[in-house]
> 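One structure coming up, written as structure tokens, with questions to follow.
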Amino acid sequence: MNPYPHLFSPIQIGKTTVKNRIFMPPISTNLADKGYVTDALVQHYTDRAKGGVGLIVTEVTTVEPTYTYLPGDMSIYDDSFIPGWKKLTESVHQYGAKILPQLFHPAFMAFNIPGTPRFIAPSNVGPYYAKEAPRAVTVEELQVLIRQFGEAARRAQKAGADGVEIHAAHAHGLLGGFLSPLYNKRTDEYGGDLDGRLRLTLEVVQEVRKVCGEDFIIDVRISGDEYTDGGLNLNDGVYISKQLEKAGADFLHVSGGTTIMRGSAIPAPGTPMGSHVKLAEEIKKHVSIPVATVGRITDPWIAEELIANGRTDICMIGRANLCDPEFSNKAEQGCTEDIRPCIGCLRCLNGIMFGNRVACTVNPSLEPENEETIQEAETKKNVLVIGGGPAGMEAAYVAKKRGHHVVLCEKEEQLGGMARLAAVPIAKEDLCKMIKYMERKLVQAGVEIRRQCTVSEEMLCGEFKDYEVIAGTGASPVVIEPFTAFKQWMTADDILSGKAFPGRKIVVIGGGAVGCETADYLAPLVNDLFPRNREITVLEMLPGVMLNETGPGRSLLVQRMMKKGVSMICEAKVERVEEDKIYYSRKGQEYCIDDADTLIFAVGYRIDPKMEEMLRSCGMHYHLIGNAATFGNIKDAISCGYQAAKDL
């Protein structure tokens, strides 16, 4: 029996029937080659179609050649792109999925490639990060652009696409910019009020319908609310939706927020699932065409609930389908525990702006060869994996999949290593799902797991003398010895593991991710000056906190700390510590904190060389992975474990 009957019921979109309500929204991949479809792109989308997705909206597909959104995004601005698109659509269709390119003009948010002409925009208003003001596009130019959208849609139709998505959301690109009062300050027929700002998008929809006919799906992506002072609100979103339906749209992809208000359009870790569903729910009351919601829908049960409760017709599920291409099939079969869990970290998109290919923390390989398809090794070995953190668990699983005999030794009772500590701070709870999933895989694969087992020299030279060793034994937090003169000190790891408990006036040395997450975890939930609230000060030597992080998660974390009253002092170097005083210098002046009761170290990690020394002394053939090799994030650890086992 299908456990999710609403999610896996068919839906009529215009004159097309889609087999289920799981649609995949656009996620940039950087897999295109100068705009052309590549074999890697075909494989990427085909894997998701094979995995059971009902309809795929591809990543950004540009409609004209002048402006580039991302170097690795797709294009369809002339007929030379049609053969590649035909190969893609045919491959996706063989699994019963539908496919729509997302038509887009980046306008004032284009990639600033040398030689690109001055960016165009609704008005001479650009995003805060612009290096110069864009120029306002002329009415004559708009008529050309409207035709280009129609011509691009016609090419997609010739290539076998089932329709197109027109991107007009997030105050982003040409159409989103025209819709938003944040960027559209025009006083001609394409501005001045909501009808004027909406006109360009309506004319694009009408042009596509005229060129492609009634049998072609037209989906429009909008922000039902931009969640921003001066931006579009839900009243606007309802009105816009009604007009789009009249213009010929077949369904609406209702998102929210803007691309420049971090954490609003792309939800960060800890954001409630179905983050934009209130917008879809209200818009659905006022239109007769299907409405899709999007935003942090990572479990089948929430998608089923949203549809069953009448809040949306369709769930756009992006990152979960990226993380596990078989998400839909596993859900339909009721195998939800086997779905590789998306943890919402957004590492998938972190490198996109720098030309890197799409990636995933929990899925270490998005290539044709991956965990599920990896070939058995020609020579089978005995493999000892030391350390049951993410790197060790991944290495043990992949080694077992390749046919090796694998023993995993973990000194603690529970697997997970440092990921168990990383799951403790606010908004990091999805790491628990990841650990549970990885452990389940090990058990299913038949890996021998020894808990509370510390590998000794005697074991290496005895029982495991003929084994190849993969060591992922982690790292230890750095403690600055002269600063331990303070009356009560501990590390962030001590707190997150429950080994130590701080007082109420706390100084955290280190404003990286660990220091900030620990401060956020300890800070009062409400900054109401309640007498028993903790007072927390973070001292960071660099000009800002968490400078190695760039995503929405960082933004929301810093915002929470500010709301909670956490004091973040940057360019601050701790010079010396006494029993009850902490001295730091900033911009040539020395300061003293004399009322703190707890000092917390969050200044990085140090690799313990003892394990490698022991492996060498026993003459073992070994590989260091994860934090035993070099300190990094969870994505680095899992990828390292995967590669080490793959190369055995």
> Taking it one step at a time, do Q643 and D647 satisfy side-chain hydrogen bond (donor to acceptor under 3.5 Å, both in side chains)?
CA-CA 6 Å; Q643 195 63 44; D647 292 342; 3.2 Å; yes
> Check step by step if side chain to side chain contact (heavy atoms under 4.5 Å, CB included) holds for V406 and V385.
CA-CA 7 Å; V406 182; V385 178; 4.1 Å; yes
> With a 4.0 Å cut-off on N to O distance, would you call R451 and E439 a salt bridge?
yes
> Looking at N548, I want to see if its CG is surrounded by more than 12 non-hydrogen atoms of other residues, nucleotides or ligands under 6.0 Å.
no
> Do any N or O atoms from the side chain of N627 and from the backbone of S476 form a donor-acceptor pair under 3.5 angstrom?
no
> For E332, check salt bridge (Lys or Arg N to Asp or Glu O under 4.0 Å) against everything at least two apart and list the hits.
none
> With heavy-atom distances below 4.5 Å as the criterion, would you say the side chains of L41 and T29 are in contact?
yes
> Distance-only, no hydrogens or angles: does the D299 side chain make a donor-acceptor pair with backbone N or O of I302 under 3.5 Å?
no
> Regarding H623 and E468, do their side chains bring together a donor and an acceptor under 3.5 Å, going by distance alone?
yes
> Would the distance check show the side chain of E448 and the main-chain N or O of V407 forming a donor-acceptor pair, the cut-off being under 3.5 Å?
no
> Please lay out, stage by stage, how Q488 and T598 fare under the test side-chain hydrogen bond (donor to acceptor under 3.5 Å, both in side chains).
CA-CA 5 Å; Q488 178 174 241; T598 307; 2.8 Å; yes
> Please determine if K573 and E540 form a salt bridge, counting it only when a charged side-chain N lies under 4.0 Å from a carboxylate O.
no
> Is the closest basic N to carboxylate O distance between E579 and K487 below 4.0 Å?
no
> Above 12 or not: heavy atoms from other molecules or residues under 6.0 Å from CD of E413?
yes
> So for atom NZ, which belongs to K380, do other residues, nucleotides or ligands contribute more than 12 heavy atoms lying within a distance under 6.0 Å?
yes
> Where do L460 and M614 land on the side chain to side chain contact (heavy atoms under 4.5 Å, CB included) test, with the steps shown first?
CA-CA 9 Å; L460 290 175; M614 185 169 65; 3.8 Å; yes
> So does E371 pair up with R340, basic N to acidic O under 4.0 Å?
yes
> Parallel, tilted or perpendicular: which one describes the rings of W489 and F601, with boundaries at 30° and 60°?
perpendicular
> Is E463 salt-bridged to R450, going by a charged N under 4.0 Å from an acidic O?
yes
> Determine yes or no for a side-chain-to-main-chain donor-acceptor pair under 3.5 angstrom, with S275 supplying the side chain and T271 the backbone.
no
> Whether K381 and D466 form a salt bridge (side-chain N of Lys/Arg under 4.0 Å from carboxylate O of Asp/Glu) is what I want to check.
no
> Is a side-chain donor-acceptor pair under 3.5 Å present for D47 with Q43?
yes
> Do NZ/NE/NH1/NH2 and the carboxylate oxygens of E549 and R347 come within less than 4.0 Å?
yes
> Any ion pair linking K581 and D595 (charged N to carboxylate O, less than 4.0 Å)?
no
> Is there a side-chain hydrogen bond (donor to acceptor under 3.5 Å, both in side chains) between Y397 and Q444? Walk through the geometry before answering.
CA-CA 9 Å; Y397 174 73; Q444 289 177 326; over 6 Å; no
> Can you check whether T298 reaches F327 side chain to side chain, under 4.5 Å on heavy atoms?
no
> Is there a donor-acceptor pair closer than 3.5 Å between any side-chain N or O of N321 and the backbone N or O of I317?
yes
> Looking at D597 and R534, does any basic side-chain N land under 4.0 Å from a carboxylate oxygen?
no
> Please say which of E571, E575, E590 ends up in a side chain to side chain donor-acceptor pair (under 3.5 Å) with S585.
E575
> Under the criterion side-chain hydrogen bond (donor to acceptor under 3.5 Å, both in side chains), I'd like the reasoning laid out for E369 against S365: C-alpha separation, chi angles, the key distance, then a yes or no.
CA-CA 7 Å; E369 183 181 41; S365 177; over 6 Å; no
> Parallel, tilted or perpendicular: which describes the rings of F464 and Y467, with under 30° parallel and over 60° perpendicular?
perpendicular
> Can you find a pair of side-chain heavy atoms, one from E337 and one from K330, that are under 4.5 Å apart?
no
> Has R357 got a side-chain atom pairing as donor or acceptor with L31's backbone, closer than 3.5 angstrom?
no
> For M273, does the CE atom sit with more than 12 other heavy atoms under 6.0 Å from it, leaving out its own atoms?
yes
> Show the numbers, then the answer: is there a side chain to side chain contact (heavy atoms under 4.5 Å, CB included) between T518 and L496?
CA-CA 8 Å; T518 304; L496 299 177; 4.1 Å; yes
> Which residue in the set K428, R554, K564 passes salt bridge (Lys or Arg N to Asp or Glu O under 4.0 Å) when paired with D520?
K564
> Nearest heavy-atom pair of P300 and A331: which atoms, and what distance?
CG-CB, 3.6 Å
> Indicate yes or no for a side-chain donor-acceptor contact from N30 to the backbone of N356 under 3.5 Å, with no hydrogens or angles considered.
yes
> Is the NZ or CZ atom of R402 both under 6.0 Å from the centre of the six-membered ring of Y642 and within 45° of that ring's axis?
no
